[in-house]
Amino acid sequence: MPELPEVEVTRRELSPHLLGRVIERARTTGPSYFFLTTPRTLSRRLRGRRVESLERRGKYLLLGLEGGARLLLHLGMTGQLFFDGASSVRLLSSTAAASLAPEVQARFTPDAHTHLTLEFEDDGPRLFFRDVRKFGKVEWLPAGESCARLDKLGVDALEATGANLHAAAKKRRAPIKSVLLDQRVLAGVGNIYADEALFLAGVRPDRAANRVSRARCDAIVEAAQCVMLRSIETGGSSISDYVRPGGEDGGYQDERHVYGREGEDCPTCGALIRKTSVGQRGTHYCPRCQR
DNA sequence: CGTTACACCTGAGGGC
DNA sequence: TGCCCTCAGGTGTAAC
């Protein structure tokens, strides 16, 4: 679910309610591959730590703790980070949501998918990390240590230039979309914004990367930054699971040009938007605007 | 090395 | 109603 914009909105909205607070205890579900550090160890390490910073690298969040250790978080496909009091049908099982009147948004209560809960010494709002599919990740990084997952990330997509994309693209004949999704090239671009960027830049997603010119790479990166910045402004894309930390939906799902719009008219030329598969990912494009 | 296929996990939605 | 299939915003790994 979450790509750079959703992670950045989460970071911005978490920060003011997290920084300076002291973790009293952490509650977890049992060991699973969601926990790169075992839940036992994680709970022991987190207890009594003050939160000093919250940074984003690509789609990762790094919670900086007193003493220099960091907590690495990734939201995977269905991860949700939010506070006590958040209210949204996206935070409920479908059976629970179905029993509600459509306009009612029930307040979240911890369930089997809530893998990490942070409680604070100030008794203020708890922080929940819920993730139905468990593709998300939590890892304890000791002071002064990085990790392979972070070290291999390329330049953050918001800081990138067309030169960054072109340097990788000219060496590869994989589809340009696959290169755009490669986190070692630009960190943060995911399936929604890759499709949106290629649409705005007028480039077919399956075009061989080494046949995309420097000028086109410039246009693609510029378009990617444009849609991502706009998505951040609107609070990100809430299509199935993503919620903001207060429980609100983002707004960018209403501004998509092609993603999830197969069979609809292209907003530019009116041709029918098509859906295909590129690199095993659902891919949406306009057959007339994109060459 | 680059590329592809698949695995990880759960749930929603469509077809029959 | 139930069953079976496909699909989903991500990423790591194995095999060619």
Side-chain angles (χ1 to χ4, degrees), chain A residues 1-10 29-36 57-61 72-81 89-98 111-115 130-139 147-154 157 167-197 206 208-210 224 227-228 231-232 235-244 249-253 255-256 258-263 275-284:
Chain A
M1 137 245 195
E3 308 179 29
L4 185 154
E6 292 73 33
V7 179
E8 177 61 17
V9 170
T10 299
T29 51
S32 71
Y33 94 153
F34 176 84
F35 291 103
L36 297 177
R57 305 260 312 263
K59 300 174 196 171
Y60 289 91
L61 285 174
L72 180 72
L73 305 172
H74 194 289
L75 296 172
M77 291 279 266
T78 53
Q80 303 166 313
L81 279 168
V89 293
R90 296 184 197 278
L91 298 173
L92 306 172
S93 70
S94 63
T95 48
D111 63 0
H113 301 302
T114 310
H115 298 110
R130 181 171 185 267
D131 183 3
V132 169
R133 289 176 75 184
K134 290 192 283 196
F135 288 168
K137 295 279 173 282
V138 184
E139 182 174 16
C147 68
R149 310 174 102 89
L150 283 179
D151 291 342
K152 69 182 189 188
L153 292 181
K170 69 184 180 190
K171 293 184 284 197
R172 297 175 49 172
R173 56 182 161 181
I176 185 65
K177 177 174 173 180
S178 299
V179 177
L180 201 46
L181 288 175
D182 187 337
Q183 302 298 296
R184 297 168 303 180
V185 180
L186 305 189
V189 181
N191 207 35
I192 296 177
Y193 302 102
D195 281 2
E196 295 294 305
D206 63 350
N210 59 9
V227 289
M228 291 205 223
S231 180
I232 291 168
S237 295
S238 289
I239 291 170
S240 93
D241 297 278
Y242 171 71
V243 288
R244 293 159 68 165
D249 280 357
Y252 194 75
Q253 64 280 3
E255 299 191 18
R256 288 167 295 147
V258 290
Y259 183 86
R261 296 205 182 280
E262 60 270 26
K275 181 173 182 189
T276 57
S277 182
V278 174
Q280 284 94 243
R281 310 299 305 275
T283 296
H284 315 73

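Basis for what follows: all heavy atoms, side chains included, without hydrogens, waters or symmetry-related copies. Just so it is clear, the model here is predicted, and its values are computed rather than measured.
Listed for the A:Q253 side chain is a donor-acceptor partner under 3.5 Å among the backbone atoms of A:G250. When atom types are taken as modelled, the side chain of A:K59 and the backbone of A:V189 share a donor-acceptor pair closer than 3.5 angstrom. A distance-only check finds a donor-acceptor pair linking the side chain of A:Q183 to the backbone of A:L181 [under 3.5 Å]. A donor-acceptor contact shorter than 3.5 Å is absent between the side chain of A:S277 and the backbone of A:G282. Under a 3.5 Å cut-off, the side chain of A:S237 and the backbone N or O of A:I239 do not form any donor-acceptor pair. Proximity of a side-chain donor or acceptor of A:S231 to a complementary backbone N or O of A:V227 within less than 3.5 Å is not detected.
Backbone-only contact: A:G282 has heavy atoms under 4.0 Å from sugar-phosphate atoms and none from a base. Within 4.0 Å of A:Y259, counting heavy atoms only, lie sugar-phosphate atoms of the nucleic acid but no base atom. Among the atoms of the strands shown, only primed sugar atoms or phosphate atoms (P, OP1, OP2) are found under 4.0 Å from some heavy atom of A:Y60. Within the nucleic acid shown, A:K59 comes within 4.0 Å of sugar-phosphate atoms alone, with no base atom in reach, counting heavy atoms only.
Regarding contacts with the backbone of B:dC8, every side-chain N or O of A:K137 stays at 4.0 angstrom or more from both OP1 and OP2. Using a 4.0 Å cut-off, some side-chain N or O of A:H74 falls inside it from OP1 or OP2 of C:dT11. Side-chain N/O atoms of A:R149 include one lying less than 4.0 angstrom from OP1 or OP2 on C:dG12. Distances shown here put every side-chain N or O of A:H113 at or beyond 4.0 Å from the OP1 or OP2 atom of B:dC9. OP1 and OP2 of B:dC8 both lie 4.0 Å or more from every side-chain N or O belonging to A:R133.
Whole-Å rounding puts the A:R184 CZ to C:dG10 C1' distance at 14 Å. The distance from atom CE of A:M77 to atom P of B:dA7 is 16 Å, rounded to the nearest whole Å. Between A:L73 atom CG and C:dT11 atom P the separation is 14 Å, expressed in whole Å. When the C1' atom of C:dG10 is taken as reference, atom CZ of A:F34 falls 13 Å away, rounded to whole Å. Rounding to whole angstrom units, NE2 of residue A:H115 and P of B:dC9 are separated by 11 Å. Per the geometry, CG belonging to A:D131 stands 11 Å off P belonging to B:dG11, to the nearest Å. When rounded to the nearest whole Å, the span between CD1 of A:I192 and C1' of C:dA8 equals 10 Å. The CD-P distance, from A:E139 to C:dT11, rounds to 15 Å in whole Å.
When each of A:Q280 and A:K171 is assigned the nucleotide of DNA chain B with its nearest heavy atom, A:K171 is the one assigned upstream, toward the 5' end.
The nucleotide whose nearest atom lies closest to any side-chain atom of A:Y33 is, among B:dT3, B:dT10, C:dG10, C:dG10. Residue A:R281 places its side chain closer to C:dT11 than to any other of B:dC9, C:dT11, C:dG12. In the set B:dT3, B:dG11, C:dG10, C:dG10 carries the atom at the smallest distance from any side-chain atom of A:F135. Of the candidates C:dG10, B:dT10, C:dT11, B:dT10 carries the atom nearest the A:K134 side chain, counting heavy atoms from C-beta on.
B:dA7 and C:dC5 have their P atoms separated by 15 Å, given to the nearest Å.
Residues A:D241 and A:R130 are not paired through a salt bridge, judged by the lack of any N-O separation under 4.0 Å between the basic side chain and the carboxylate.
Using bins of under 30°, 30° to 60° and over 60° for the plane-to-plane angle, the ring pair A:F35/A:H115 lands in the perpendicular bin. Classification of the A:Y193-A:Y252 ring pair by plane angle, with boundaries at 30° and 60°, yields tilted.
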Checklist entry - So what does the secondary structure string of DNA chain C come out as, 5' to 3', with Watson-Crick or wobble pairs under 3.5 angstrom, [ ] for crossing and | for pairs with another strand? => result .|||||||.|||||||

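Here the NE2-CZ distance, from A:H284 to A:R256, works out to 8.5 Å after rounding to the nearest 0.5 Å. Note that CG of A:D206 is 8.5 Å distant from OG1 of A:T283, once rounded to the nearest 0.5 Å.
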Please enumerate all protein N or O atoms sitting under 3.5 Å from an N or O of nucleotides 14-16 of chain C, with distances to 0.1 Å.
none

